[in-house]
Amino acid sequence: MPAQITKARPQEKTRTARPPLYKVILLNDDFTPRFFVVRVLKAVFRMSDDEAMGVMLTAHRKGSCVVAVFTREVAEEKCRRANDMGAAEGFPLTFTMEKES
Ligand code: TYC
């Protein structure tokens, strides 16, 4: 009886693909009051006063600002909540999302 030869199988690597990420982008407009933009950023994106003020001012001066990056479902939910807060007050405040390259 020949000695049993055990050959180690090459390790199979199970790589879990990382889900695509989406940028949430705040757009400037001429009607939404600054304090309200700051309030929405704090409420929906859990920003501090200073962070929210910085993002609001960047969007105000440059036309848009990346707020944060999330998976698709989280980005969609945050955009929806933030846009709904603006719409509830009659403001055209707009958050949109863009897939990261
Ligand atoms: N531009 C607005 C104003 O002057 C303020 C504002 C800033 C609105 C950023 C939207 O994303 C925005 N009242």
Side-chain angles (χ1 to χ4, degrees):
M1 184 95 153
Q4 197 175 325
I5 301 166
T6 347
K7 222 175 167 189
R9 276 205 204 118
Q11 285 290 311
E12 278 174 30
K13 291 213 180 95
T14 39
R15 284 183 197 273
T16 315
R18 269 197 274 267
L21 295 176
Y22 289 78
K23 291 181 276 199
V24 169
I25 299 164
L26 168 64
L27 304 182
N28 186 38
D29 68 71
D30 291 338
F31 304 100
T32 309
R34 295 179 186 206
F35 83 85
F36 188 79
V37 181
V38 168
R39 180 188 292 173
V40 172
L41 288 168
K42 289 174 69 178
V44 177
F45 298 94
R46 304 259 163 243
M47 289 186 175
S48 68
D49 257 320
D50 285 356
E51 287 168 336
M53 186 66 74
V55 168
M56 182 279 291
L57 284 174
T58 300
H60 177 73
R61 289 174 184 148
K62 300 195 164 180
S64 66
C65 182
V66 175
V67 177
V69 173
F70 302 101
T71 56
R72 185 165 59 81
E73 290 78 6
V74 175
E76 280 172 353
E77 177 63 10
K78 294 212 179 256
C79 279
R80 190 191 57 73
R81 281 180 57 204
N83 289 332
D84 283 356
M85 278 182 77
E89 299 293 328
F91 298 132
L93 183 63
T94 303
F95 288 80
T96 180
M97 52 193 270
E98 197 177 284
K99 195 173 181 184
E100 277 218 314
S101 41

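Values below: all heavy atoms of this structure, side chains included; hydrogens, waters and symmetry mates excluded.
Once rounded to the nearest 0.5 Å, the distance linking CD of Glu89 with CG of Asp84 reads 12.0 Å. Interatomic distance, CD of Glu73 versus OH of Tyr22, reported as 8.5 Å (0.5 Å rounding). Distance CD1/Ile25 to CD/Glu98: 4.0 Å, rounded to 0.5 Å. Annotation: the span from Arg61 atom CZ to Met56 atom CE amounts to 8.5 Å, rounded to 0.5 Å.
Between Val24 and Cys79, the shortest heavy-atom contact is CG1-SG, 3.9 Å. Listed here is the closest heavy atom pair of Met85 and Val40: CE-CG2, 3.9 Å. Across all non-hydrogen atoms, the minimal contact from Arg72 to Met97 is O-CE, 3.8 Å. Residues Cys65 and Ala59 come closest through the heavy atom pair CB-N, 3.8 Å. Taking both residues in full, the closest heavy atoms of Gly86 and Leu93 are given as CA-CB, 4.3 Å, listed atom of the first, atom of the second, then distance. Residues Thr71 and Leu21 come closest through the heavy atom pair N-CD2, 3.9 Å.
Surrounding CE of Met53 are at most 12 heavy atoms belonging to other residues, nucleotides or ligands under 6.0 Å away. Around atom CZ of Phe31, no more than 12 heavy atoms belonging to other residues, nucleotides or ligands sit under 6.0 Å away.
Exactly one of Asn28, Thr32, Asp29 qualifies for a side-chain contact (heavy atoms from CB on, under 4.5 Å) with Val37. That residue is Thr32.
One hydrophobic cluster holds both Leu57 and Phe36 under the rule that ILVMFWY side chains link at heavy-atom gaps under 4.5 Å. Transitive grouping of hydrophobic side chains (ILVMFWY, heavy atoms separated by less than 4.5 Å) brings Met47 and Val44 into a common cluster. With hydrophobic clusters built from ILVMFWY side chains whose heavy atoms lie under 4.5 angstrom apart, Val38 shares a cluster with Val67. Residues Leu27 and Phe35 do not share a hydrophobic cluster, defined by chaining ILVMFWY side chains whose heavy atoms lie under 4.5 Å apart. Leu26 is connected to Val74 through a chain of hydrophobic side-chain contacts under 4.5 Å among Ile, Leu, Val, Met, Phe, Trp and Tyr, so both are in one cluster.
Counting heavy atoms from C-beta on, the side chains of Val55 and Phe45 never come closer than 4.5 Å.
A distance-only check finds no donor-acceptor pair linking the side chain of Lys42 to the backbone of Asp49 [under 3.5 Å].
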